[in-house]
Amino acid sequence: MKKNSIKNTRINGEVQRALSVTIRDLKDPRIGIMTSITGVEVTPDLKFCKVYVSVLGDRQAKEDTMEGLKSATGFIRRELARTVNLRNTPEIKFIMDESIEYGMRMSKLIDEVSENDKNK
């Protein structure tokens, strides 16, 4: 896998900040309050963008949030073009990021095992 250039890393950060603000301001009731952008990968040619989204809640809340984001993709892309000055405005693809919940679940399991070891 090719390492990101400094320019591409800066673009990823700027796009992530802009998308975070835009998604926070959306008025779609399907999009959960605890929705956050955990990562952004913009291709070097600025044509495509993978946006990793984390949602705190149950499975239904995650599905509703992803559906709301997909339906608002055109608006989000237009706001991105307005706020970030790029040669091309990338086509956005939202991907559910389960890494935070996975980390919390592993931490809980480790705590349970260490608690069981103390009791023995």
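Keep in mind it's a predicted model, so treat the numbers as computed, not measured.
One distance of note links CD1 of Ile23 with CD1 of Ile31; it measures 7.0 Å at 0.5 Å rounding. We find the OG1-CE distance between Thr35 and Met66 to be 10.0 Å, quoted to the nearest 0.5 Å. One distance of note links CG of Asp58 with CD of Glu63; it measures 9.0 Å at 0.5 Å rounding. Going from atom CG of Asn85 over to atom CD of Glu14 covers 10.5 Å, rounded to the nearest 0.5 Å. Taking CZ of Arg10 as the start and CG of Asn12 as the end, the distance is 11.0 Å to the nearest 0.5 Å. Put simply, CG on Asn119 and OG on Ser114 are 9.5 Å apart, with the number rounded to the nearest 0.5 Å.
Proximity of a side-chain donor or acceptor of Thr65 to a complementary backbone N or O of Ala61 within less than 3.5 Å is detected. In this structure, the side chain of Arg77 does not engage the main chain of Ile92 through any donor-acceptor pair within 3.5 Å.
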Check: Are Glu41 and Gln16 close enough, and set up right, to give a side chain to side chain contact (heavy atoms under 4.5 Å, CB included), and what steps lead you there?
Finding: CA-CA 9 Å; Glu41 291 179 6; Gln16 182 174 355; over 6 Å; no
Note to self: What verdict does the side chain to side chain donor-acceptor pair (under 3.5 Å) test give for Ser71 and Arg30, after you've listed the backbone C-alpha separation in whole Å, the side-chain angles of each residue and the deciding distance to 0.1 Å?
What the structure shows: CA-CA 10 Å; Ser71 70; Arg30 295 177 290 184; 2.7 Å; yes
Notebook entry, point to check: Given the rule in the side chain to side chain contact (heavy atoms under 4.5 Å, CB included) test, do Asn8 and Val42 qualify, once you have shown the distances and angles that lead to the verdict?
Noted result: CA-CA 7 Å; Asn8 202 9; Val42 180; 4.3 Å; yes
Next item on the list: For side chain to side chain contact (heavy atoms under 4.5 Å, CB included), just list the numbers for Thr73 and Leu69, CA-CA rounded to whole Å, side-chain angles, deciding distance to a tenth of an Å, and then say yes or no.
Entry: CA-CA 6 Å; Thr73 300; Leu69 288 173; 5.8 Å; no
Next item on the list: Please assess Thr38 against Asp97 for the test side chain to side chain donor-acceptor pair (under 3.5 Å), listing each intermediate value before the final yes or no.
Entry: CA-CA 7 Å; Thr38 58; Asp97 184 11; 2.6 Å; yes
Next item on the list: Walk me through it: do Arg82 and Glu79 pass the test side chain to side chain contact (heavy atoms under 4.5 Å, CB included)?
Entry: CA-CA 5 Å; Arg82 193 177 59 77; Glu79 288 298 307; 2.6 Å; yes
Table please: side-chain donor-acceptor pairs of residues 44-53 below 3.5 Å, with sequence neighbours left out.
residue, atom, partner, partner atom, Å
Asp45, OD1, Thr43, OG1, 2.6
Asp45, OD1, Lys47, N, 3.2

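Within a 6.0 Å sphere centred on CD of Glu67, other residues, nucleotides and ligands contribute 12 heavy atoms or fewer. By the neighbour-count criterion of 12 heavy atoms within 6.0 Å, atom CG of Asp111 is densely surrounded, having more than that number from other residues, nucleotides or ligands. With a 6.0 Å radius and a threshold of 12 heavy atoms from other residues, nucleotides or ligands, Leu109 has its CG atom above the threshold. Residue-environment remark: CE (Met104) stays at or below the threshold of 12 foreign heavy atoms within 6.0 Å.
Between Val40 and Ile37 the shortest side-chain heavy-atom distance falls below 4.5 Å. The side-chain heavy atoms of Ile76 and Phe94, taken from C-beta on, include a pair separated by under 4.5 Å.
Under 4.0 Å is where a charged nitrogen must lie from a carboxylate oxygen, and between Glu101 and Lys62 at least one such pair does.
Linking ILVMFWY side-chain heavy atoms closer than 4.5 Å, directly or via other members, places Ile95 and Val15 in two distinct hydrophobic clusters. Hydrophobic clustering (ILVMFWY, side-chain heavy atoms < 4.5 Å, transitive): Leu26 and Met96 are in one cluster.
A search for side chain to side chain contact (heavy atoms under 4.5 Å, CB included) contacts involving Leu56 returns Met34, not counting sequence neighbours. Residues satisfying the side chain to side chain contact (heavy atoms under 4.5 Å, CB included) test with Thr83, not counting sequence neighbours, are Ala18.
Asp64 and Gln60 share a donor-acceptor pair across their side chains, judged by distance under 3.5 Å alone.
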